[in-house]
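As structure tokens, the structure follows; a few thoughts come after it.
This chain uses plain numbering: 1 for the first residue, then up along the sequence.
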Amino acid sequence: MSSNEAAPSPGADTVPQALESARAGAAPITGAAGAARPGGPAAARVTSRDVARAAGVSQAAVSLVLGDKWRGRVSPGKAEAVRAAARELGYRPNLAARSLRMGRTRTVLLVVPALTTEFFARVYTGAARVAAEHGFGVVLYPSPEGIGPARDPFDSAAATLDGVIASSMAAEALTALRDADLPLVMLDSDPDDDRAGATVNLDIADGVRQLTGHLTALGHRRITHLAADIRSWTFEVRARAVAESLQGAPGALLRRQPAALGVDAGLHAAHAALTGPGPRPTALLCDDDIIAAGACKAVRRLGLRVPEDVSVTGFDDLALAVAVEPELTTVRLPAEEFGEAGMRALMTVLDGRPADAPTLPVELVTRGSTAPPQDAAGHAARPGGQ
């Protein structure tokens with residue numbers, strides 16, 4: 001225990017003993033909403049005093065730990081005991097009282113594009129998990145126009161929120177919020193953008209390099225990039241990485257076909273790429289799994305086969321990637337970890353400390369939608385090869 005930590009009173013119970021004592025007390029334990037747990041009458045909610053007694057520490061120590069201010073003041077062992085007691089007893093801090101005391105609303109806004117896939121739902125799950133550990137709530141705000149400007153969702157954002165996390169795809173939705181001068185963390189965004197207190201990124205460029213390396217190693221040289229037709233930093237990075245990766249591949253022929261984010265858009269873009277003038281591409285490298293699903297439909301409608309005639313790759317590793325047949329070769333993005341890292345960065349900014357700017361690794365997942373092209377040496381070894 002550090003010298004600044006308030007010691008428990010002599011004869012304090014051990015954590016398990018104290019938990020049993022708390023459970024056996026006269027007042028039944030309640031959850032976050034104040035309602036009694038099943039099997040018991042209504043009763044007062046669990047307090048920090050209950051947690052302190054169960055963990056064998058002072059109320060001051062409980063406040064430090066649950067407010068994430070314990071480092072250097074409470075030992076790691078005691079901090080874990082407090083968290084364990086709080087979980088076991090179902091303790092929830094009185095956020096209204098804390099907000100008045102600290103001058104904070106304990107609320108964060110997460111601004112994302114329209115929720116057309118589960119990716120941003122998973123980002124929210126990760127962000128909300130970390131926020132809850134700090135006693136914060138998260139309001140999820142999809143930009144109504146997908147990526148365009150959005151109105152302030154509150155009468156006064158500055159009075160309603162403590163901070164904002166936003167995806168670069170929804171950056172313009174922040175226009176109405178900038179005057180509020182709220183702490184901001186950007187996700188998947190230009191690290192040189194000075195609007196943000198911190199930026200958290202996925203290693204998108206490396207994911208593209210892994211994909212292009214996979215295709216060229218199979219023997220593909222005629223590759224068409226079905227590029228998301230959206231002005232966004234993340235898709236600009238993908239386009240640059242594709243071009244740079246294929247510069248060193250002898251005989252590589254790269255074409256670009258823009259596509260909106262949608263299955264139908266992917267179908268039409270792929271059809272145009274496969275029926276246009278010049279040699280037919282042997283691989284379609286798609287900016288996301290949804291475009292790739294449409295590309296697979298286009299290949300089949302033209303009487304061609306995936307991957308025997310055309311290989312198709314995606315990006316994101318959504319549930320859709322294993323719902324199509326053959327399953328998509330794609331790049332897995334750690335969405336929940338992404339949300340967690342963004343929220344940790346915002347908590348750091350709110351504490352007035354410099355936040356790290358992590359770049360999270362991504363992973364190539366090879367499945368059945370890619371194989372050597374027909375004219376590549378050794379193509380007969382691929383699944384379905386002749």
Roughly how far apart are [X] [atom1] and [Y] [atom2], rounded to 0.5 Å?
| X | Y | atom1 | atom2 | answer |
| --- | --- | --- | --- | --- |
| F235 | D287 | CZ | CG | 5.5 Å |
| L346 | R344 | CG | CZ | 13.0 Å |
| L285 | T212 | CG | OG1 | 7.0 Å |
| L318 | R122 | CG | CZ | 6.5 Å |
| L215 | R221 | CG | CZ | 10.0 Å |
| H268 | H271 | NE2 | NE2 | 9.5 Å |

If you look at every heavy atom in [X] and [Y], which pair is closest and at what distance?
| X | Y | value |
| --- | --- | --- |
| C286 | I291 | CB-CG2, 3.9 Å |
| V46 | Y91 | O-CD1, 3.3 Å |
| F315 | G207 | CE1-C, 4.0 Å |
| V62 | V82 | CA-CG1, 4.1 Å |
| V349 | A198 | CG2-CB, 4.4 Å |

Any donor-acceptor pair under 3.5 Å from [X] side chain to [Y] backbone:
| X | Y | answer |
| --- | --- | --- |
| D188 | N201 | no |
| S311 | A371 | yes |
| Q257 | A272 | no |
| Q210 | L364 | yes |
| T199 | A357 | no |
| R222 | P281 | no |
| T329 | T313 | no |
| D162 | R106 | yes |
| D356 | P358 | no |
| D50 | T47 | yes |

Pairwise side-chain contact, [X] with [Y], heavy-atom cut-off 4.5 Å (strictly under):
| X | Y | answer |
| --- | --- | --- |
| D203 | P361 | no |
| H220 | L246 | no |
| L328 | C296 | yes |
| L350 | F136 | yes |
| V112 | V123 | no |

Residues which pass salt bridge (Lys or Arg N to Asp or Glu O under 4.0 Å) with E133, listed by chain and number, not counting sequence neighbours
none
Taking only residues at least two apart or on different chains, which pairs with a member in residues 253-263 satisfy salt bridge (Lys or Arg N to Asp or Glu O under 4.0 Å)?
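Found none.
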Could you tell me whether D288 and R238 make a salt bridge, using a distance below 4.0 angstrom between a side-chain N and a carboxylate O?
no
When hydrophobic residues are tied together by side-chain contacts of less than 4.5 Å, even through go-betweens, does [X] share a cluster with [Y]?
| X | Y | answer |
| --- | --- | --- |
| V322 | V306 | no |
| L274 | L267 | no |
| V365 | L333 | no |
| L140 | F120 | yes |

More than 12 heavy atoms of other residues, nucleotides or ligands under 6.0 Å from CZ of R71: is that the case?
yes
